[in-house]
Amino acid sequence: MAGFSSLDSLVSNVSNSGKFYRADWNKNHATGGTVVAGTWQSLAGGAGNPPANTAFGSGVTLVQKPLYDIGTTHGGIQHGGNIGAAGDGYKVLLNASAFTAAATTVPCVLQLVDLLSYATLTNATISSAGTKTLVNTEAVTFTSSSGLLMTTVADYDTYTPCSFTTAGVLPTGIVAGTIYWTIRVTATTSRLATSLVNAVAGTAIAFTDAGTPVNTFTARLPRYSDGAGVQAYLTASTAGTAGTGTFQLTYTNSAGTASRVTPTSPALPTNTAVAPLLTVPYSGTGSGKFGPFIPLAAGDSGIRTCQNIILGTAGVTTGVYNLVFAKPLLSLPITTLGVASERDLVNQLPSMPRVYDGACLAWMIYAGSAIPNNSSFFGHLDLGWS
């Protein structure tokens, strides 16, 4: 049985077996300017430990790219590495703390999320209204002269999880609907692995035939592949200015229902005229302001895949945004300057949120007051596993 069956089991695993990891973190709130109260930002792009996420804003526009703790540019808080031979070990958060002594930063609320994937939206993309289609599915071809090689049009990052459907015959050993991981060879070719662990080790699947078309590739989320609890938000990797356009998603929900759409009532998420670096550009107060996640259609509990982002009216005249998919894990209010806030995630049941192997942990912050640039935040995470 995964997880802890009792407090005795927790104590035995953490204390007697040493299945415990403490992660101390510190981040600067590097927005490039004072952030007004009522808005959300990402701390992932701030300097500190871990180093800043520099992946946002990079890569081919609209191509969905996965995020991991092993990504050197992803900025995830380290949490003890993989604990399962297949990369599927059962690890949980036991305790979390955060504090700051930076003036005018509190009260505020931190939210820990597992960053799953992102797609860069360059200014050329967001400066004009219309439907922008994410590049996460396409017809692919295979060759098998020296082990199976998949050829694509888009450039998918290494370790991209994917699944396949077919109107023909898939290569021997590839099963429709099963998730595989890419091992990038060139900008248009990849090999496939049966697990993230194998992909990291470079252990690719070997086949003797290439199947027959048409075979369709779909990029999947690296964790929570069913979309349960997965949310989406925008964040600026280059500050956005002017333009009060709206944002709307079309997506498949966690139940597998396609063509779901961000509701238009009471209003669509609306860009703020000035969106500083790392800000969620539709957060704040007033009509069209939400935070931090883009609203889902009534009854939906998560996003399995996203097909489009629809930009309404005028676009953003300058700036680069990123459409990020994340799984929220916990919230942590900081109420008093210089005093640590703490969450006991063992006794505050139901709790002990699971941290999957490869999870890219990062903090988001809700500004309860004006937060100046380079305000520092500190804290720790305690994790245990069975």
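Only a predicted model underlies this, so the values are computations on that prediction, with no experimental measurement involved.
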Report the C-alpha distance between Gln307 and Thr305 in whole Å, list the side-chain angles of each, state the deciding distance to 0.1 Å, and finish with yes or no for side-chain hydrogen bond (donor to acceptor under 3.5 Å, both in side chains). CA-CA 7 Å; Gln307 286 71 52; Thr305 58; 2.9 Å; yes
A side-chain contact here means heavy atoms from C-beta on lying under 4.5 Å apart; do Ser351 and Leu93 qualify? no
Quick check: is Ile371 connected to Leu337 through a chain of hydrophobic side chains (ILVMFWY, heavy atoms under 4.5 Å apart)? yes
Distance (rounded to the nearest 0.5 Å) between Leu381 CG and Leu330 CG: 7.5 Å
Determine whether a donor-acceptor pair (N or O, by modelled atom type, separation under 3.5 Å) exists between the side chain of Thr120 and the backbone of Thr61. no
Heavy-atom donor-acceptor pair, Asn49 side chain to Asp24 backbone, under 3.5 Å: yes
Thr137 and Thr218: side-chain donor and acceptor closer than 3.5 Å? yes
State, without any angle test, whether Ser58 and Lys65 hold a side-chain donor-acceptor pair at a distance under 3.5 Å. no
What do the steps show when you test Leu134 against Leu323 for side-chain contact (heavy atoms from CB on, under 4.5 Å), and what is the final call? CA-CA 10 Å; Leu134 268 65; Leu323 178 59; 4.1 Å; yes
Which heavy atom of Tyr251 sits nearest to which heavy atom of Ala297, and what is that distance? OH-N, 2.8 Å
Interatomic distance, Tyr233 atom OH to Phe325 atom CZ [nearest 0.5 angstrom]: 11.0 Å
So how far is it from Thr262 OG1 to Leu249 CG, rounded to the nearest 0.5 Å? 4.0 Å
Beyond-backbone contact of Leu94 with Leu383, side-chain heavy atoms, under 4.5 angstrom: no
What is the distance from atom CD1 of Ile179 to atom CG of Leu196, rounded to the nearest 0.5 Å? 11.5 Å
Backbone N/O of Ala55 and side chain of Asn53: donor-acceptor pair under 3.5 Å: yes
Counting the benzene-type ring for Trp, do Phe56 and Tyr118 have ring centres under 6.0 Å apart? yes
So does Gly384 get a backbone contact from the side chain of Asn13, meaning a donor-acceptor N/O pair under 3.5 Å? no
Using distance alone, with no hydrogens and no angle criterion, decide if Asn271 and Tyr321 have a side-chain donor and acceptor under 3.5 Å apart. yes
Under a 3.5 Å cutoff, is there a donor and acceptor pairing between the side chains of Ser254 and Ser301? yes
Among Tyr224, Tyr68, Tyr90, find the one that has a ring-ring contact (aromatic ring centres under 6.0 Å, His included) with Tyr356. Tyr224
Polar side chain donor-acceptor pair, Ser117 to Gln64, under 3.5 angstrom: yes
Evaluate the side-chain proximity of Phe207 to Ile174: yes if any heavy-atom separation is below 4.5 Å, no if none is. yes
Cluster membership besides Val185, Ile/Leu/Val/Met/Phe/Trp/Tyr side chains within less than 4.5 angstrom, sorted by chain and number, is Leu149
Whether the side chain of Asp157 engages the backbone of Thr160 through a donor-acceptor N/O pair (distance < 3.5 Å, no angle test) should be reported. no
Do Val197 and Asn82 have side chains that get closer than 4.5 Å, going by heavy atoms? yes
Under a side-chain separation threshold of 4.5 Å, the hydrophobic residues clustered together with Val274 are none
With sequence neighbours excluded, residues passing salt bridge (Lys or Arg N to Asp or Glu O under 4.0 Å) with Arg343: none
Taken to the nearest 0.5 Å, the spacing of Leu170 CG from Thr165 OG1 works out to 8.0 Å
Ignoring hydrogens and angles, state whether a donor on the side chain of Thr105 or Ser375 is under 3.5 Å from an acceptor on the partner side chain. no
Beyond-backbone contact of Cys360 with Asp114, side-chain heavy atoms, under 4.5 angstrom: yes
Is the centre of the Trp181 ring less than 6.0 Å from the centre of the Tyr159 ring? no
Would a 4.5 Å heavy-atom cut-off, applied to side chains only, mark Pro333 and Ser341 as touching? no
Whether the Ser237 and Asn322 side chains hold a donor-acceptor pair (N or O, under 3.5 Å, no angle test) is what I'd like checked. yes
Only counting residues at least two apart or in another chain, list the ones meeting salt bridge (Lys or Arg N to Asp or Glu O under 4.0 Å) with Asp155. Arg184
I would like to know whether Ser195 and Thr203 meet side-chain contact (heavy atoms from CB on, under 4.5 Å); could you show each step before the answer? CA-CA 9 Å; Ser195 67; Thr203 305; over 6 Å; no
Thr270 side chain to Thr246 backbone, donor-acceptor under 3.5 Å: no
So, does Arg191 use its side chain to make a donor-acceptor pair with the main chain of Ala199 at under 3.5 Å? no
Check: Asn215 side chain, Ala167 main-chain N or O, donor-acceptor pair, under 3.5 Å: no
Distance-only donor-acceptor check, side chains Thr131 and Asn308, under 3.5 Å: no
If the threshold is 4.0 Å, N to carboxylate O, is there a salt bridge linking Arg304 and Asp226? no
Those residues that, when tested against Ala37, pass side-chain contact (heavy atoms from CB on, under 4.5 Å) (two or more places apart): none
Suppose we screen for side-chain contact (heavy atoms from CB on, under 4.5 Å). Which residues come up paired with Thr151, at least two apart in sequence or across chains? Thr141, Thr189
Enter the distance from Ile126:CD1 to Thr238:OG1 here, rounded to the nearest 0.5 Å. 9.0 Å
Walk me through it: do Leu121 and Ile309 pass the test side-chain contact (heavy atoms from CB on, under 4.5 Å)? CA-CA 10 Å; Leu121 310 175; Ile309 179 168; 4.0 Å; yes
With ring centroids as reference points, do Phe99 and Phe378 lie under 6.0 angstrom apart? yes
Under 30°, 30 to 60°, or over 60°: which ring-plane class applies to Phe164 and Phe217, parallel, tilted or perpendicular? perpendicular
Could you check whether Ser15 and Lys19, counting side-chain N and O atoms only, form a donor-acceptor pair closer than 3.5 Å? no
Is there a donor-acceptor contact under 3.5 Å from the side chain of Ser6 to the main chain of Ser9? yes
Take Leu311 and Lys132 through the test side-chain contact (heavy atoms from CB on, under 4.5 Å) and record every step on the way to the result. CA-CA 8 Å; Leu311 307 176; Lys132 320 293 178 173; 3.7 Å; yes
Start with the C-alpha gap between Ser331 and Gln111, add the side-chain angles, then the distance that decides, and say whether side-chain hydrogen bond (donor to acceptor under 3.5 Å, both in side chains) holds. CA-CA 4 Å; Ser331 295; Gln111 183 166 94; 3.3 Å; yes
Answer yes or no: is there a donor N or O on one side and an acceptor on the other, between the side chain of Asn123 and the main chain of Val316, under 3.5 Å? yes
With the threshold set at 4.0 Å, does a side-chain nitrogen-carboxylate oxygen contact exist between Arg260 and Asp300? yes
Are Ile334 and Val109 packed together at the side-chain level, in the sense that at least one heavy-atom pair is separated by less than 4.5 angstrom? no
Side-chain donor-acceptor pair present, Ser376, Asn28, cut-off under 3.5 Å: yes
Using only heavy-atom distances, determine whether the side chains of Gln41 and Thr39 contain a donor-acceptor pair under 3.5 Å. yes
Close side-chain approach of Thr182 to Met150, heavy-atom, < 4.5 Å: yes
